[in-house]
Amino acid sequence: QVQLVESGGGLVQAGGSLRLSCAPSGDTICIAGMEWYVMGWYRQAPGKERELVADITAGGTIKYADFVKGRFTITRDSAKNTLYLQMHSLKPEDTAVYYCQAGAGGYDPGLCENEYWGQGAQVTVSS
C-alpha cells in the first residue's frame with residue numbers, strides 16, 4: 001500500500017505564506033506508477049464540504065480553483081512523485097485542513113489503488 005504524507009501546515013498571519021508538501025511512502029511499485037496519476041490538493045474547512053484547490057496531471061496540465069488563482073502554485077516532482085503547494089497572500093478564509101490526493105484517472109493501476117488520500121495538514125490563517 002501507499003500512504004501520502006503531508007507536511008508544512010501551520011499557523012500564519014493573514015498575508016503570509018506557507019508551503020505544503022506531499023510525499024508518498026510504502027509500496028515502491030505503486031509509488032512508481034503514480035507518475036501517471038493526477039495529483040491534487042483539496043481542503044475542508046469546519047462545517048463545509050471538501051473542495052478542490054488545485055490539481056496537476058502527469059503531463060503538467062494544471063487546474064486552480066478560482067479562489068486561489070494568482071496566490072497558490074501547485075507543482076510536482078515527477079521523479080519523486082512528490083506534490084507541493086506554495087501558498088502566498090493567505091487569507092483567514094483559507095483556514096482549513098488541506099489534503100493531498102492522487103487519482104489514477106484513465107490509467108490502469110493494476111493491483112495498486114485507484115486513489116490515495118493523505119491524512120491532512122492543518123492550515124490556520126489569523127487575521
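Everything quoted here is computed from the prediction, not taken from an experiment. Quick note: numbers below take in every heavy atom, side chains included, and nothing from hydrogens, waters or symmetry partners.
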Are [X] and [Y] connected, step by step, through hydrophobic side chains (Ile, Leu, Val, Met, Phe, Trp, Tyr) whose heavy atoms are closer than 4.5 Å?
X	Y	result
Val97	Leu52	yes
Val53	Tyr64	yes
Leu90	Phe67	yes

Point to revise | Partners meeting ring-ring contact (aromatic ring centres under 6.0 Å, His included) with Tyr42 (sequence neighbours left out) | key: Trp117
Review point. Does Tyr98 have any ring-ring contact (aromatic ring centres under 6.0 Å, His included) partners at least two apart in sequence or in another chain, and if so, which?
Key: none
Does the side chain of [Y] come within less than 4.5 Å of [X]'s, by heavy atoms?
X	Y	result
Met34	Pro24	yes
Thr73	Ile62	no
Glu115	Glu113	no
Val12	Ser126	no
Asp94	Phe72	yes
Arg71	Lys91	yes
Lys48	Arg43	no

Study note, to complete from the structure: Residue pairs passing the disulfide (SG to SG under 2.5 Å) test with at least one member in residues 37-89, sequence neighbours excluded, are none
Review point. What disulfide (SG to SG under 2.5 Å) pairs are there with at least one residue in residues 27-80, not counting sequence neighbours?
Key: Cys30-Cys112
Return the set of residues passing side chain to side chain donor-acceptor pair (under 3.5 Å) with [X] (not counting sequence neighbours), or none when no residue passes.
X	answer
Thr124	Gln122
Lys69	Asp66
Gln13	none
Ser17	His88

Check your understanding: In terms of heavy-atom contacts, does CG of Leu11 have more than 12 from other residues, nucleotides or ligands at under 6.0 Å?
Key -> yes
Review point. Taking the six-membered ring of Tyr99, is NZ or CZ of Arg50 closer than 6.0 Å to its centre and within 45° of its axis?
Key: yes
Search all heavy atoms of [X] against all heavy atoms of [Y] and return the closest pair with its distance.
X	Y	answer
Ala14	Ser127	CB-CA, 4.3 Å
Cys22	Leu4	SG-CB, 3.8 Å
Ala54	Ile74	O-CD1, 3.6 Å
Glu6	Ala121	CB-CB, 4.0 Å

Throw together a table of side-chain donor-acceptor distances under 3.5 angstrom for residues 77-87, partners on residues two or more places apart or in other chains.
{"residue": "Asp77", "atom": "OD1", "partner": "Ala79", "partner atom": "N", "Å": "3.0"}
{"residue": "Asp77", "atom": "OD1", "partner": "Lys80", "partner atom": "N", "Å": "3.3"}
{"residue": "Asn81", "atom": "OD1", "partner": "Glu35", "partner atom": "N", "Å": "3.2"}
{"residue": "Asn81", "atom": "ND2", "partner": "Ile31", "partner atom": "O", "Å": "2.6"}
{"residue": "Thr82", "atom": "OG1", "partner": "Lys80", "partner atom": "O", "Å": "3.3"}
{"residue": "Gln86", "atom": "NE2", "partner": "Leu18", "partner atom": "O", "Å": "3.4"}

Check your understanding: Hey, does the side chain of Gln101 reach the backbone of Trp41 with a donor-acceptor pair shorter than 3.5 angstrom?
Key -> no
How many angstroms lie between [atom1] in [X] and [atom2] in [Y], if you round to the nearest 0.5 Å?
X	Y	atom1	atom2	value
Cys100	Tyr116	SG	OH	12.5 Å
Gln3	Ser25	CD	OG	4.5 Å
Thr61	Ile56	OG1	CD1	8.0 Å

Review point. Between Gln44 and Glu51, is any side-chain donor less than 3.5 angstrom from a side-chain acceptor?
Key: no
Among all residues two or more places apart in sequence or in another chain, which pass the salt bridge (Lys or Arg N to Asp or Glu O under 4.0 Å) test with [X]?
X	result
Glu93	none
Asp55	Lys63
Arg19	none

